[in-house]
There are 2 protein chains.
Amino acid sequence: MSDQETAKAVEPLEIAKPDAARQRLRVWLKLLKTQRQIEAVLRERLRVEYNTTLPRFDVLAALYRAEKGMKMSELSSELMVSNGNVTGIIERLVADGLVVRVSVENDRRAMLVRLTRKGQEDFAAMAGVHRGWVDELLGGLDEDAARQLMALLGAAEPKLGETE
Amino acid sequence: MSDQETAKAVEPLEIAKPDAARQRLRVWLKLLKTQRQIEAVLRERLRVEYNTTLPRFDVLAALYRAEKGMKMSELSSELMVSNGNVTGIIERLVADGLVVRVSVENDRRAMLVRLTRKGQEDFAAMAGVHRGWVDELLGGLDEDAARQLMALLGAAEPKLGETE
DNA sequence: AACAGAAACTTTAGGCTTGAAGTTTCATGC
DNA sequence: GCATGAAACTTCAAGCCTAAAGTTTCTGTT
């Protein structure tokens, strides 16, 4: 937190670039705005068309890809949400008959979560339509622009590593 | 919405391009992931360093820019959140002495919300640090990349307009 | 075997978020 | 003037979300 005293006159590199910092802040705000706009539309349509929510859809999508089911902890790290959060969402999905919990062989702490047939069917019905929505919303991007955007977003991923 | 009948044999462009749709879905997922990663870091740091939350920060930022205060409805549309949501956040900010409500001249329905001196000071203290965080997190983007990203995000903004 | 610590979840308290319904006030047409 | 509808908020119920604390189970070490 205080290892920069020596950098005073030696390196005027990062410090003397307020333009880049301003530009990056603008990028962040724009990223946020774009994401929120898209998400708002998807959320609204999921609600109106399928009477469901985005978090539920995200969970179903993850489970649909996981043939053999997922552990709660795998789900929460994949979706980047907290453990306790997943507990609640799964509870409601179970109550609606879209998901089942299975206890894991040889580890009585863990739970495996899997789609029921109804869960599979419901998600399959939504998935194609959802993809169409995204395709429509991002219609402003041709294939080339999309590729460029992928690359830039890759570069924009935050540099983590100091996990402590 | 239907001015493309003539494009049948001439241009097999939009229709026969499932690749573009796949690419757009990938863009959306990447956009979401990047945004969530950045937001998670900012949220965590705001909590640890300033004992506050992102929604509160967003509200303070909006009010800081608004010299003369903002109406509740202006706030909610600016931040793209619901009316009722703003009510709750403002309530807590008022309780903490960062914000005051003033009744609007000539319209007893509306409320003007404004930062207190403490609100101004607290936000001013956070703003610079927050900008530094964003600058650090987006350090992978040089100024040129940032500019390109801005342009592409502009193109990626969802096409709305059918408001009904 | 027994203990310590880690792992996988759940629970809890509190805040965020939404859409819908409710209240008060304003604006407009008649 | 007065009624009707719109506007600006607030309230409400329900779900989402987090961090922190709690429970049970597993995995070493000694």
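Basis for what follows: all heavy atoms, side chains included, without hydrogens, waters or symmetry-related copies. By convention in this document, chain letters (A, B, ...) are assigned in the order of the sequence lines, proteins followed by strands, and residues within each chain are numbered from 1.
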Under 3.5 Å, which N/O atoms of the protein pair with N/O atoms of nucleotides 3-7 of chain C?
| from | atom 1 | to | atom 2 | distance (Å) |
| --- | --- | --- | --- | --- |
| C:dA7 | O4' | A:R109 | NH1 | 3.1 |
| C:dA7 | N3 | A:R109 | NH1 | 3.1 |

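Taken residue by residue, residues 47-57 of chain A places heavy atoms nearer than 4.0 Å to DNA chain C at A:R47. Less than 4.0 Å separates DNA chain C from at least one heavy atom of each of the following residues of residues 62-76 of chain A: A:K71, A:M72, A:S73. Near DNA chain C, defined here as any heavy-atom distance below 4.0 Å, the residues from residues 78-86 of chain A are A:N83, A:G84, listed numerically.
Annotation: ring-ring contact (aromatic ring centres under 6.0 Å, His included) contacts involving residues 51-104 of chain A, sequence neighbours excluded, comprise A:F57-A:F123, A:F57-A:H130, A:Y64-A:F123. For residues 80-120 of chain A, no residue pair satisfies the ring-ring contact (aromatic ring centres under 6.0 Å, His included) rule, not counting sequence neighbours.
C:dC16 atom C1' lies 7 Å from atom CZ of B:R92, rounded to whole Å. One atom, CG of B:L46, and another, C1' of C:dG15, lie 15 Å apart when rounded to the nearest Å. In this entry the distance linking CZ of A:R43 with C1' of C:dT18 reads 8 Å, nearest Å.
With sequence neighbours left out, the side-chain hydrogen bond (donor to acceptor under 3.5 Å, both in side chains) criterion links B:T53 to no other residue. For B:R43, the side-chain hydrogen bond (donor to acceptor under 3.5 Å, both in side chains) partners are B:E39, not counting sequence neighbours.
For the atom pair CZ (B:R22) and CZ (B:R24), the distance works out to 13.0 Å, reported to the nearest 0.5 Å.
No donor-acceptor distance shorter than 3.5 angstrom exists from the side chain of B:R131 to the backbone of A:L25, with no hydrogens or angles considered.
Bracketed by its first and final contacts, the part of DNA chain D lying under 4.0 Å from non-hydrogen atoms of chain A reaches from D:dG15 to D:dC26 in 5' to 3' order.
The closest side-chain heavy-atom distance from A:W28 to B:L42 is below 4.5 Å. Residues A:L46 and A:M126 are in side-chain contact: their nearest non-hydrogen atoms beyond the backbone lie under 4.5 Å apart. Taking the side chain as every heavy atom from C-beta outward, B:I38 and B:V134 never approach each other to under 4.5 Å.
Along DNA chain C, the nucleotide closest to A:D107 and the one closest to A:E44 are compared, and the more 5′ of them pairs with A:D107.
Here the closest non-hydrogen pair linking A:R36 and B:D58 is NH2-OD2, 3.6 Å.
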All N/O donor-acceptor pairs, side-chain side in residues 147-157 of chain A, below 3.5 Å, sequence neighbours left out:
| from | atom 1 | to | atom 2 | distance (Å) |
| --- | --- | --- | --- | --- |
| A:R147 | NH2 | A:E143 | OE2 | 3.0 |
| A:Q148 | NE2 | A:D144 | OD2 | 3.3 |

For residues 82-92 of chain A, dump all side-chain donor-acceptor pairs below 3.5 Å to protein atoms at least two apart in sequence or in another chain.
| from | atom 1 | to | atom 2 | distance (Å) |
| --- | --- | --- | --- | --- |
| A:S82 | OG | A:N85 | N | 3.3 |
| A:N83 | OD1 | A:S76 | OG | 3.0 |
| A:T87 | OG1 | A:N83 | O | 3.4 |

Under 3.5 Å, which donor-acceptor pairs link side chains of residues 98-115 of chain A to any protein atom two or more places apart or in another chain?
| from | atom 1 | to | atom 2 | distance (Å) |
| --- | --- | --- | --- | --- |
| A:D107 | OD1 | A:R109 | N | 3.0 |
| A:D107 | OD1 | A:R109 | NE | 3.1 |
| A:D107 | OD2 | A:R109 | NH2 | 3.1 |

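Look at A:E44 and A:R47 and you find a salt bridge, because one of the NZ, NE, NH1 or NH2 atoms lies within 4.0 Å of a carboxylate O, short of that distance.
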Worksheet entry | B:V129 and B:R45: CA distance, side-chain angles, deciding distance, side-chain contact (heavy atoms from CB on, under 4.5 Å) verdict | CA-CA 10 Å; B:V129 177; B:R45 292 190 182 173; over 6 Å; no
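Within 4.0 Å (heavy atoms only), A:E39 reaches no atom of the nucleic acid at all.
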